[in-house]
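It should be emphasised that the depicted structure is a prediction, and the values quoted were computed from it without experimental measurement. Residue numbers start from 1 in every chain, and the chains themselves are labelled A, B, ... in the order their sequence lines are given, proteins ahead of strands.
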Amino acid sequence: MTDSPLSPRPVVFSDDVLEHLPTHLRTNMCGELRPEHVGRTVSVCGWVSSRRVHSEHLAFVDLRDYTGLVQCVVDGAADLRSEYVVRVTGTVVAREEQWINPKLATGEVELADCTVEVLSVAEPPPFQLDERHETDETIRLRYRYLDLRRAQMQRNLRTRATINSAIRRAMESQGFLEVETPMLIASTPEGARDFVVPSRLKPGSFYALPQSPQLFKQLCMVGGIDRYFQIARCLRDEDLRADRQFEFMQLDAEMSFASQDDVLSAISTTVAAVVEAVTGETIGEIPRMTWMEAAERFGSDKPDVRFGLELIELTDVFTATEFNAFKAPCIKGIRVPGGAEFTRSRLDELTDRAKRWGAKGLVWMRVKPADAGSVELDSPVAKFLSDDEKAALVAATEAVDGDLLLLVADERPKVRHVLGLLRLDIGRPPVNEGGLNFLWVVDFPLFESVDEATGRPVSAHHPFTMPHEDDFGLLDGSPEDLLGVRSQAYDLVLNGWELGSGSVRIHRADIQQRVFELLGISKEEAQLKFGFLLDAFRFGPPPHAGFAFGIDRLVALLVGEENIREVIAFPKTQSGADPLTQAPTDIDPAQLAELGLRLLPRAAD
RNA sequence: GGUCCCGUGGUGCAGUUUGGAGUGCACGCCGCCCUGUCAAGGCGGAGGUCGCGAGUUCAAAUCUCGUCGGGACCGCCA
């Protein structure tokens, strides 16, 4: 792992590319001009970034294209305004020593004796395009084409393209074949909510937009593709978040005759190539952690391992407690170094959040110095705890003077969940700090829970996930045994973001049948839901395994953005709207009629 | 489905706690001056439905309720 701060390299313009950029209007790019160009007469095109008018006969105009800025010395600029599109023809001259601008890549030169042609005039932009001020995101999105002129958005989109390109090269060099799969498909049950598209030729029927190419890539394996990949658009109609859009891009991959290790190795190679392409740095082997360890130590299946505040097991400390709140199946805590300084209102706020996340309460204890170098616990509940319990608690947490202890007692999954969220709330560093901490989380459980009503286990990944071979025996056991069954499913995590997941697929009919039985899916139901896949599997499916990871998230983390909207050219707001196009919009009644659709009245209140 | 935060000239903020004249700051915009600036500088000017709607009050940017928009998060995302 690299410990350096995330530092995407500036976009590099190789001589190979620059050679192809001249057009009939320009000979050079603004950002490429250097002392080596001195003496040449050049034409550059771009937008007026700023102008400094000194008098009728002297003005400096900064001209901007995506490669950067160059200063043009012009004889008056009365007819130029911000964001005008101009072509400047002039002579590259070296700046005198005292006029060199070290903040500018082109700062050792400037364009002199300039002729300026206005190619387009522009109204003043609705917000300033410099990087000095934040602008309301709705306004940026409404005028996204202006926002994209900003250097940061240019960097983000160009880095994204670099990543896509690196992915393709890495996958192809490992023998993966790019195959495109359809966007209009049959709706398959389970998983996320589908986006649907009404059929005109068969009114009343619908296509679904793919949540992922999952079933198609497995069909590719049956089809002898051997190794498939696709940079695939996926669509899920679920609530949006900082790391979730309706539509997002995944590197989707599948391998024949492959084990979990084979997949992890191939994806690791590709991820390493991407990081190298963006940062120039080499990542070592990506460490692995079991799902159980992640849950117990970090309260999450996507642990952010950039910082401590790990969950400490305390159940044994309070097995014989008299304190009612601690008479629970599981007690865990986190130790916040220096947290004794937290104000009462901060602690109340943390308690409120813990409750909102589902805890019955949050026990806090300030660790204060006591006699003889020992410590005592300052807490509203200290009086309910025995001296032995307090001593054991201090020992287990290794608490020292000035620390804060936060404890939650409840069912084990609840304790993990609440403390895992508290840990992030208190300690999570900004996205661009702490380096790149990739992590494979392996040995996910096959079933995430048992439905209390039906007694049936609920699939944690999808029903084609291969159980761990060592746990086959448990498939015939009690509900408790079933929850202990591990699967050959794995996630790739980076700095607490789930980048993607994959699994070894079931290719044997007898195992598939057994898993369907356990999930309570009858043969008829399975045929109805996944019939085409099961049919295909009757004709010789190779053992196969695959993976998919979110490219938007990887790009965001590599450029140091907290939000994937910053690395998407035209994203949607949290409510799924596009301020630029106004989507979603009403449609013409004639279109509805053609599709055989009629709208229900909108809810009045 | 839920919790929390935000909405004030074109942009970003302060003002709201404790109601009293649309008050202030920075940037931008327009005009004039200025021959070495690079976040140019100086002088002057224009620009407001305080998101919207009710309510309380002598009086609301400020308090209450509702609503719309934006954001963060929980649920959801096999």
### Task
Would you kindly give the CZ-to-P distance between R353(A) and C73(B), to the nearest whole Å?
12 Å
### ring centroid sep under 5.5 Å plus plane angle under 30, F127(A) with G10(B)
no
### Task
For the residue pair T138(A) and R140(A), confirm or rule out a side-chain donor-acceptor distance under 3.5 Å.
no
### Query
How far, in whole Å, is G55(B) from C13(B) if one measures between their P atoms?
32 Å
#### Entry: Candidate nucleotides C29(B), C73(B), G70(B), ranked by approach to the side chain of A577(A) - the nearest
G70(B)
### Query
If you look at every strand shown and take non-hydrogen atoms under 4.0 Å, does S575(A) touch a base, only sugar-phosphate, or nothing?
sugar-phosphate
#### Entry: C1' atoms of A14(B) and G36(B), separation to the nearest Å
37 Å
### Query
Would you say a side-chain N or O of N101(A) is under 4.0 Å from OP1 or OP2 of G36(B)?
no
#### Entry: Nearest heavy-atom neighbours spanning L519(A) and R456(A)
C-CD, 4.1 Å
### Message
Considering every strand and a 4.0 Å limit on heavy-atom distances, what is the contact class for A59(A): base, sugar-phosphate, or nothing?
### Response
nothing
#### Entry: Stacked cation flag R423(A) on F307(A), 6.0 angstrom / 45 deg
yes
### Message
Distance check needed: U35(B) C1' versus L58(A) CG, whole Å only.
### Response
5 Å
### Query
In terms of the nearest nucleotide of RNA chain B, which residue is placed more toward the 5' end: E238(A) or N563(A)?
N563(A)
### Query
Now, which nucleotide makes the Watson-Crick or G-U wobble pair with G31(B), with each of the two distances under 3.5 Å?
C43(B)
### Query
Starting at the 5' end of RNA chain B, which residue's closest nucleotide do you reach first, I100(A) or G576(A)?
I100(A)
#### Entry: Ring-on-base stacking U37(B) with F60(A) (under 5.5 Å, under 30°)
yes
### N/O (side chain, H417(A)) to phosphate O (OP1/OP2, C74(B)) under 4.0 Å
no
### Query
Has T138(A) got a side-chain N or O lying under 4.0 Å from the OP1 or OP2 atom of G69(B)?
no
### Message
Could you tell me if the side chain of L63(A) sits less than 4.5 Å from the side chain of L69(A), heavy atoms only?
### Response
no
### Task
Considering just the side-chain nitrogens and oxygens of S55(A), establish if one lies under 4.0 Å of OP1 or OP2 belonging to C34(B).
no
### Task
Rounded to the nearest angstrom, tell me the gap between atom CG in D425(A) and atom P in C4(B).
15 Å
### Message
If we ignore hydrogens and angles and just use 3.5 Å, is the side chain of R81(A) paired with the main-chain N or O of A122(A) as donor and acceptor?
### Response
no
### base_contact_polar (G75(B) base, D239(A) side chain, donor-acceptor, <3.5 Å)
yes
### Task
Would you classify V458(A) as touching base, sugar-phosphate or nothing, given that sugar-phosphate means primed atoms plus P, OP1 and OP2, and contacts are heavy atoms under 4.0 Å?
nothing
### Query
Taking atom C1' in both G71(B) and A59(B), what distance in whole Å separates the two?
34 Å
### Task
Kindly say if R356(A) contacts the phosphate of G75(B), meaning a side-chain N or O under 4.0 Å from OP1 or OP2.
no
### Task
Tell me the partner of U3(B), counting only Watson-Crick (N1-N3 plus N6-O4 or O6-N4) or G-U wobble (N1-O2 and O6-N3) with both under 3.5 Å; none if nothing fits.
A72(B)
### Task
Could you tell me the separation between the CD atom of Q574(A) and the C1' atom of U3(B), rounded to a whole number of Å?
13 Å
### Task
Assess the pair W440(A) and F547(A): is the distance between their ring centroids shorter than 6.0 Å?
yes
### Task
Please confirm whether any donor atom in the side chain of Q128(A) sits under 3.5 Å from an acceptor in the base of G10(B), or the reverse.
yes
### Task
When you get a sec, tell me which of U37(B), C73(B), G71(B) is the closest nucleotide to the side chain of A242(A)?
C73(B)
### Message
Can you tell me if H54(A) is stacked onto the base of G36(B), using a 5.5 Å centroid cut-off and an angle below 30°?
### Response
no
### Whole-angstrom distance between C74(B) and G9(B), as gauged at atom P
32 Å
### Assigned partner base of C13(B), Watson-Crick or wobble definition, under 3.5 Å
G24(B)
### Query
Does R244(A) get its side chain close enough to the base of C77(B), under 3.5 Å, for a donor-acceptor pair?
yes
### Query
Think K103(A) has a side-chain N or O under 4.0 angstrom from the OP1 or OP2 of A39(B)?
yes
### base_contact_polar (G70(B) base, R142(A) side chain, donor-acceptor, <3.5 Å)
no
### Message
Between H54(A) and F60(A) (judged by ring centroids, cut-off 6.0 Å), do the two rings come close enough to count as a pair?
### Response
yes
### Task
Any chance you could lay out the side-chain contact (heavy atoms from CB on, under 4.5 Å) test for L422(A) and L309(A), step after step, and finish with the verdict?
CA-CA 10 Å; L422(A) 267 180; L309(A) 302 181; over 6 Å; no
### Task
Run the salt-bridge test on E349(A) and R346(A) with the 4.0 Å N-O cut-off and return the result as yes or no.
no
### Message
Any salt bridge linking E247(A) with K572(A)? Criterion: basic side-chain nitrogen under 4.0 Å from a carboxylate oxygen.
### Response
yes
### Message
Under 4.0 Å, counting only non-hydrogen atoms across every strand here, what does Q214(A) touch: a base, just sugar-phosphate, or nothing?
### Response
base
### Task
Take the protein atom CD of Q245(A) and the nucleotide atom P of G71(B), then report the distance between them rounded to whole Å.
9 Å
### Separation of the C1' atoms in C50(B) and C76(B), to the nearest angstrom
37 Å
### Under 3.5 Å donor-acceptor pair, R95(A) side-chain atoms to C38(B) base atoms
yes
#### Entry: E110(A) CD to C38(B) C1', straight-line distance once rounded to whole Å
10 Å
### Query
Do F216(A) and Y228(A) have their ring centres less than 6.0 Å from each other?
no
### Query
Mind checking the C1' distance from G42(B) to U67(B)? Whole angstroms is fine.
48 Å
### Query
Does C29(B) have OP1 or OP2 sitting under 4.0 Å from an N or O in the side chain of S82(A)?
yes
### Query
According to a strict under-4.0 Å criterion, is R150(A) in side-chain N/O contact with OP1 or OP2 of U11(B)?
no
### Query
Could you give the CZ-to-C1' distance, from R241(A) to G71(B), as a whole number of Å?
12 Å
### Query
In whole Å, what is the span from the CZ atom of R51(A) to the C1' atom of G28(B)?
11 Å
### Message
Taking the P atom in each of C4(B) and U64(B), what is the distance between them to the nearest angstrom?
### Response
14 Å
### Query
Across all strands, who's sitting opposite C63(B) as a Watson-Crick or G-U wobble pair, both distances under 3.5 Å?
G55(B)
### Query
Is it true that D304(A) and R306(A) make a salt bridge, defined as a side-chain N closer than 4.0 Å to a carboxylate O?
yes
### Task
Could you check whether W99(A) gets within reach of a base, just the sugar-phosphate, or nothing at all, counting any heavy atom under 4.0 Å?
base
### Query
Between U62(B) and A54(B), how far is it from one P atom to the other, in whole Å?
14 Å
Just the table, please: protein N/O against nucleotides 12-18 of chain B N/O, every pair under 3.5 Å.
{"unit_1": "G12(B)", "atom_1": "OP1", "unit_2": "D136(A)", "atom_2": "N", "d": "2.7"}

### Query
For A40(B), does either OP1 or OP2 sit under 4.0 Å from a side-chain N or O belonging to R52(A)?
yes
